[in-house]
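Read the structure below first, then the notes.
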Amino acid sequence: MRNNLGHQQSHLLYRIFMTIIVGMVTLLTSCRNESTPRPTGYFRIDSYPAQYTPVQLGNISLHINDSAKRIIPETTTDKGVYWLNIVYPRYNATLYLSYIPLEENLDRLMGESIELVYRQNVNTEQVEAIAYEDYDAHLYATLFTLSAESATPIQFIATDSTQYLLRGALYYDNPVKSDSVAPSLQYLEEDIMHLIEHITHVA
């Protein structure tokens, strides 16, 4: 009973925190100027077929695109923290994942994660947040999209609010322009959303 109550309280805290964040992002983005037509002339980037393999990270399982390379960094800790780098060779991009176990520190980790998002984007008006919730799976996540010229144009936070927090940040290997990477960004965003939606606990 206590565990269930603690889970409900943590979930409520997470929802309140994310409601405030999403509200702030919506308020900031509502004041943006109308977008202008983008120039044409960039080459087309065809996407890979979407096929996935489950991979364990900490106490969760993730669906990783078969076209990507999985790299586990050599650095390890004794605090149950795990890292996984998902490399997309065709797009010269890498998704860096960090699995962090929760120890009564969800609010602190959430604050640090939000700060990392905005630290990567000079213009906060270009940050958009998409919330995702799956009550049955106890999965709550937020996907952040920044300007393509940001150091990391896509980031996300996912948690079950009691056991873990998963951070993700996409980086391109070289500086890019929004028009040149628009097709790959769309594909990678969809791939990351697939990853988020298929997070499951490992028994």
Side-chain angles (χ1 to χ4, degrees), residues 14-15 17-40 42-48 50 52 62-65 67-68 84-100 109-134 139-159 165-199:
Y14 174 83
R15 293 200 67 184
F17 191 90
M18 289 314 303
T19 298
I20 294 173
I21 293 299
V22 173
M24 291 174 60
V25 171
T26 302
L27 180 62
L28 288 171
T29 56
S30 64
C31 300
R32 290 184 295 179
N33 296 328
E34 294 296 324
S35 59
T36 56
R38 296 179 175 179
T40 58
Y42 291 100
F43 61 88
R44 177 180 176 181
I45 303 176
D46 294 322
S47 61
Y48 282 113
Y52 300 89
L62 307 172
H63 276 200
I64 307 300
N65 198 311
S67 67
L84 177 64
N85 301 342
I86 303 174
V87 181
Y88 296 88
R90 187 174 190 177
Y91 305 124
N92 294 318
T94 302
L95 178 64
Y96 295 89
L97 301 177
S98 301
Y99 172 96
I100 308 171
L109 289 174
M110 287 294 298
E112 291 176 353
S113 299
I114 298 297
E115 182 181 353
L116 286 173
V117 171
Y118 284 91
R119 187 183 301 171
Q120 300 294 340
N121 202 75
V122 177
N123 188 354
T124 57
E125 294 181 0
Q126 295 181 340
V127 179
E128 297 183 359
I130 303 173
Y132 174 82
E133 295 182 346
D134 184 338
L139 175 61
Y140 317 100
T142 303
L143 179 75
F144 298 92
T145 58
L146 294 73
S147 64
E149 290 80 6
S150 299
T152 170
I154 301 176
Q155 296 190 45
F156 75 86
I157 307 166
T159 181
L165 184 139
L166 180 68
R167 293 175 180 165
L170 179 74
Y171 286 82
Y172 279 96
D173 297 339
N174 302 305
V176 297
K177 294 183 179 181
S178 58
D179 293 309
S180 64
V181 297
S184 67
L185 263 181
Q186 180 180 356
Y187 172 80
L188 292 170
E189 181 176 342
E190 293 174 358
D191 201 62
I192 292 170
M193 280 301 303
H194 179 93
L195 181 150
I196 293 172
E197 293 171 355
H198 290 80
I199 295 175

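Computed from heavy atoms alone, side chains included, the values below leave out hydrogens, waters and symmetry copies.
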Exercise. Leu166 and Phe156: side-chain contact (heavy atoms from CB on, under 4.5 Å), yes or no, with the steps?
Worked result: CA-CA 8 Å; Leu166 180 68; Phe156 75 86; 3.9 Å; yes
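- Side-chain atoms of Ile130 and Glu189, non-hydrogen and from C-beta on, do get closer than 4.5 Å to each other.
- Rounding to the nearest 0.5 angstrom, the gap separating the NE2 atom in His194 from the CD atom in Glu190 is 11.5 Å.
- Side-chain contact annotation: Tyr91 with Asp191, donor-acceptor N/O pair under 3.5 Å absent.
- Here the CG-CG distance, from Leu95 to Asn65, works out to 11.0 Å after rounding to the nearest 0.5 Å.
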Problem set entry | CA sep, side-chain torsions, deciding dist, call: Thr94, Ile86, side-chain contact (heavy atoms from CB on, under 4.5 Å) | CA-CA 6 Å; Thr94 302; Ile86 303 174; 5.9 Å; no
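- Between atom CG of residue Leu195 and atom CG of residue Leu62 there is a gap of 5.0 Å, rounded to the nearest 0.5 Å.
- Rounding to the nearest 0.5 Å gives a distance of 6.5 Å between CG of Leu165 and CE of Met110.
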For this session: Assess whether side-chain contact (heavy atoms from CB on, under 4.5 Å) is satisfied between Leu185 and Tyr172, documenting all intermediate values.
Result: CA-CA 10 Å; Leu185 263 181; Tyr172 279 96; 3.6 Å; yes
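- Side chain of Thr145 to main chain of Ile154: no donor-acceptor pair is present (N/O by atom type, distance under 3.5 Å, no hydrogens or angles).
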Problem set entry | side-chain contact (heavy atoms from CB on, under 4.5 Å) assessment of Leu109 paired with Arg167 | CA-CA 10 Å; Leu109 289 174; Arg167 293 175 180 165; 3.8 Å; yes
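- One distance of note links CG of Leu97 with CG of Leu84; it measures 5.5 Å at 0.5 Å rounding.
- Atom-to-atom distance recorded for Leu188:CG and Arg90:CZ is 11.5 Å, nearest 0.5 angstrom.
- Residues Phe144 and Thr142 approach most closely at CZ-CG2, 3.5 Å, considering heavy atoms.
- Of all heavy-atom pairs spanning Ala158 and Leu139, the tightest one is CB-CD1, 4.3 Å.
- Side-chain contact annotation: Thr152 with Tyr96, donor-acceptor N/O pair under 3.5 Å absent.
- Here the closest heavy-atom approach between residue Pro153 and residue Leu170 is recorded as CD-O, 3.3 Å.
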